[in-house]
Amino acid sequence: GEDVEQSLFLSVREGDSSVINCTYTDSSSTYLYWYKQEPGAGLQLLTYIFSNMDMKQDQRLTVLLNKKDKHLSLRIADTQTGDSAIYFCAEPHSGNTPLVFGKGTRLSVIA
Amino acid sequence: NAGVMQNPRHLVRRRGQEARLRCSPMKGHSHVYWYRQLPEEGLKFMVYLQKENIIDESGMPKERFSAEFPKEGPSILRIQQVVRGDSAAYFCASSPPLRGTDTQYFGPGTRLTVL
């Protein structure tokens, strides 16, 4: 199958770290993506990781990739109320470009 | 460099009418993708187009739905004889000519409501 799985909800306190997890299915994926969707808005590309990397850091964001377990995570350090959104993990379909998305993790940040 | 443009942002149709959704890709991008998002769901791929070509339409319903990306002008997703189940957000994404697996940039979406 081509399911990308994510937990649906995550709640954290402002200033804490958030970790959003994702499992994917296609081991041939060359890139894996994280997108952010705020209410009523489109998808904003947050970051991506190339499959030959284990980790990528970009300011407050850290992406970890475990290819053996097909597990991807997104860590947001010092989470702010503006980080409240739905976060989608995505992988290309069978190595091609149409993306397969998870259902999204709704992150709620409590002040 | 303007991002991916979609219009209209909101569209209301009665059952049986036609809906036309437009997408202008980012400058320099020749690949367009359409996705549908049902409430509380992730995005589902519908169709992938290049200029004047449909590359992959495996996610698009066989009836009532069609898509085009003409040589000039925006890409159009057309839904004929809309039904309530077509109510969703429709997102367009674009990417530059392929150099491997290229990143897709999304537009703000068109929210279709069928009454």
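A note on names: the letters A, B, ... follow the listed sequences, proteins ahead of strands, and every chain is numbered from 1.
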Rounded at 0.5 Å granularity, tell me how far NZ in Lys103(A) sits from CG in Leu43(B).
13.0 Å
Of all heavy-atom pairs between Tyr35(B) and Leu99(A), which one has the smallest distance, and what is that distance?
OH-N, 2.8 Å
Check Phe91(B) against Gly42(A) and note the closest heavy-atom contact, atom names and distance.
CE2-CA, 3.4 Å
Are [X] and [Y] connected in the hydrophobic side-chain network, where two residues link if heavy atoms are under 4.5 Å apart?
{"X": "Trp34(B)", "Y": "Met5(B)", "answer": "no"}
{"X": "Leu46(A)", "Y": "Phe50(A)", "answer": "yes"}
{"X": "Tyr33(B)", "Y": "Tyr35(A)", "answer": "yes"}
{"X": "Leu43(A)", "Y": "Tyr90(B)", "answer": "no"}
{"X": "Met26(B)", "Y": "Leu77(B)", "answer": "no"}

Does Tyr105(B) form a side-chain contact (heavy atoms from CB on, under 4.5 Å) with Gln44(A)? I'd like the steps, not just the answer.
CA-CA 7 Å; Tyr105(B) 297 87; Gln44(A) 172 196 349; over 6 Å; no
Non-hydrogen atoms of chain B under 4.5 Å away: do they reach the side chain of Gln37(A), the backbone, both or neither?
side chain
Quick check: under 4.5 Å, non-hydrogen atoms only, which of residues 107-115 of chain B neighbour chain A?
Gly107(B), Pro108(B), Arg111(B)
Sort by residue number and list every member of residues 51-71 of chain A having a non-hydrogen atom under 4.5 Å from chain B.
none
Checking side-chain contact (heavy atoms from CB on, under 4.5 Å) for the pair Thr103(B)/Tyr48(A): CA distance, chi angles, key distance, verdict?
CA-CA 8 Å; Thr103(B) 302; Tyr48(A) 59 90; 4.0 Å; yes
Identify which part of Gln37(B) has an atom lying under 4.5 Å from any heavy atom of chain A, answering side chain, backbone, both or neither.
side chain
Within 6.0 Å of CZ in Arg106(A), more than 12 heavy atoms from elsewhere:
no
